[in-house]
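Reading through the structure tokens given below for one structure.
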Amino acid sequence: MKASALVAEGERALLAAGIEAPRREARLLLALALGVEAQALVLDDPAVDVATGERFRTLLARRVTHEPFAHIAGRRGFWTLDLEVTSATLVPRPETEILIETALAHAGDRRAPLEIVDFGTGSGAILIALLCELPNASGLGVDVSEPALEVARRNALRAGVGARARFGRSSWWSHVRGNFDLIVSNPPYIPSADIAGLAPDVRDFEPHLALDGGPDGLGAYRALSAVAASRLAEGGALIVEVGEGQAEPVASLLRRSGFPRTRIVPDLAGIGRVVAAFT
Ligand code: GLN
């Protein structure tokens with residue numbers, strides 16, 4: 001069978017299931033089954049053997065249920081990294097790269113020996129991306145989920161920063177000792193009542209622990225800000241991702257929690273996406 005025929009078949013099934021960009025997704029699934037880059041299927045229309053066709057249909061059947069492509073592939077690109085992701089970790093989102101950019105801009109001198117803590121590290125995406133860019137930094141990735149921490153440890157090793165990354169279980173600050181130059185987090189921030197209305201790809205497959213921010217979505221920011229200012233070194237910063245409409249409330253919470261200066265960084269849609277607070 002030709003690749004184009006399988007892509008067309010996949011596109012029909014994904015369209016019927018209400019998956020966005022069904023043609024692109026069908027091509028990605030076939031590329032995964034073939035073990036090639038999706039680009040190869042744009043430029044070429046190879047013949048696909050029966051076993052690969054069956055493998056494609058098995059992957060397709062999973063995607064039709066709205067299981068995220070990243071879970072099916074077991075990987076997701078973030079920053080310069082190719083990260084392992086599982087159902088225990090939030091799939092890293094492109095908007096979280098704004099947090100990385102903001103943190104790097106604050107760090108200034110990339111050779112500084114910074115100490116970083118990443119709360120709700122999940123796949124380790126934020127901490128690992130920062131350690132890759134800051135060669136003398138070291139850091140702690142914290143999560144309440146042990147399965148997530150195992151994924152993060154593997155990702156740190158694969159990215160070559162295993163020696164500078166530590167991972168440990170803690171609910172926010174409860175088991176975290178010491179002071180830091182940089183506190184970062186993409187915490188759960190979706191108000192509990194909004195979870196039911198999320199896209200099924202997110203709602204039915206991603207860990208609610210990483211999504212549910214309590215009644216008003218701001219629970220994690222309260223837990224973080226309660227002690228953050230007292231655990232930052234001179235000139236340090238706390239930098240967090242926030243949901244739509246949360247930037248002002250979070251900035252004001254941080255100003256009431258010992259951070260005299262805050263800054264809001266918008267995403268490409270103009271939504272305040274990252275809040276930075278300085279001591
Ligand atoms: N950005 C994620 C979403 O919209 C939410 C991640 C989070 O709660 N930190 O699905």
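These numbers come from the heavy atoms of this one structure, side chains and all, not from hydrogens, waters or symmetry mates. Atoms within each ligand, like the ligands themselves, are counted from 1 in listed order.
- Per-residue contacts place Pro187 under 4.0 angstrom from the following atoms of ligand 1 (heavy atoms of the residue considered): 7 (C), 8 (O), 9 (N).
- Shown are Glu115, Arg164, Arg166; of these, the side chain to side chain donor-acceptor pair (under 3.5 Å) with Ser138 is made only by Glu115.
- Close approach of ligand 1 to Pro188 (heavy-atom distance below 4.0 Å) involves ligand atoms 8 (O).
- The residue from Leu131, Leu134, Asp109 that alone fulfils the side-chain contact (heavy atoms from CB on, under 4.5 Å) condition with Leu114 is Leu134.
- Near Leu211, with a cut-off below 4.0 Å to any heavy atom, the atoms of ligand 1 are 5 (C), 8 (O).
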For salt bridge (Lys or Arg N to Asp or Glu O under 4.0 Å), just list the numbers for Arg93 and Asp267, CA-CA rounded to whole Å, side-chain angles, deciding distance to a tenth of an Å, and then say yes or no.
-> CA-CA 12 Å; Arg93 314 280 205 260; Asp267 63 18; over 6 Å; no
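- At a threshold of 4.5 Å between non-hydrogen side-chain atoms, the residues Asp204 and His66 do not count as touching.
- At least one test fails for Arg153 against the ring of Phe167: distance under 6.0 Å to the centre or angle within 45° of the axis.
- Checked for salt-bridge contact, Arg76 and Glu84 miss the test: no charged N lies under 4.0 Å from a carboxylate O.
- Applying the 4.0 Å criterion to heavy atoms of Ala210 picks out, from ligand 1, the atoms 7 (C), 8 (O), 9 (N).
- Scanning the protein heavy atoms around atom 4 (O) of ligand 1, the nearest turns out to be Ile190 CD1, 4.3 Å.
- Nearest protein heavy-atom contact of atom 1 (N) of ligand 1 is Tyr189 OH, 3.0 Å.
- Atoms of ligand 1 found under 4.0 Å from any heavy atom of Arg93, numbered from 1 in the order shown, are 1 (N), 2 (C), 3 (C), 10 (O).
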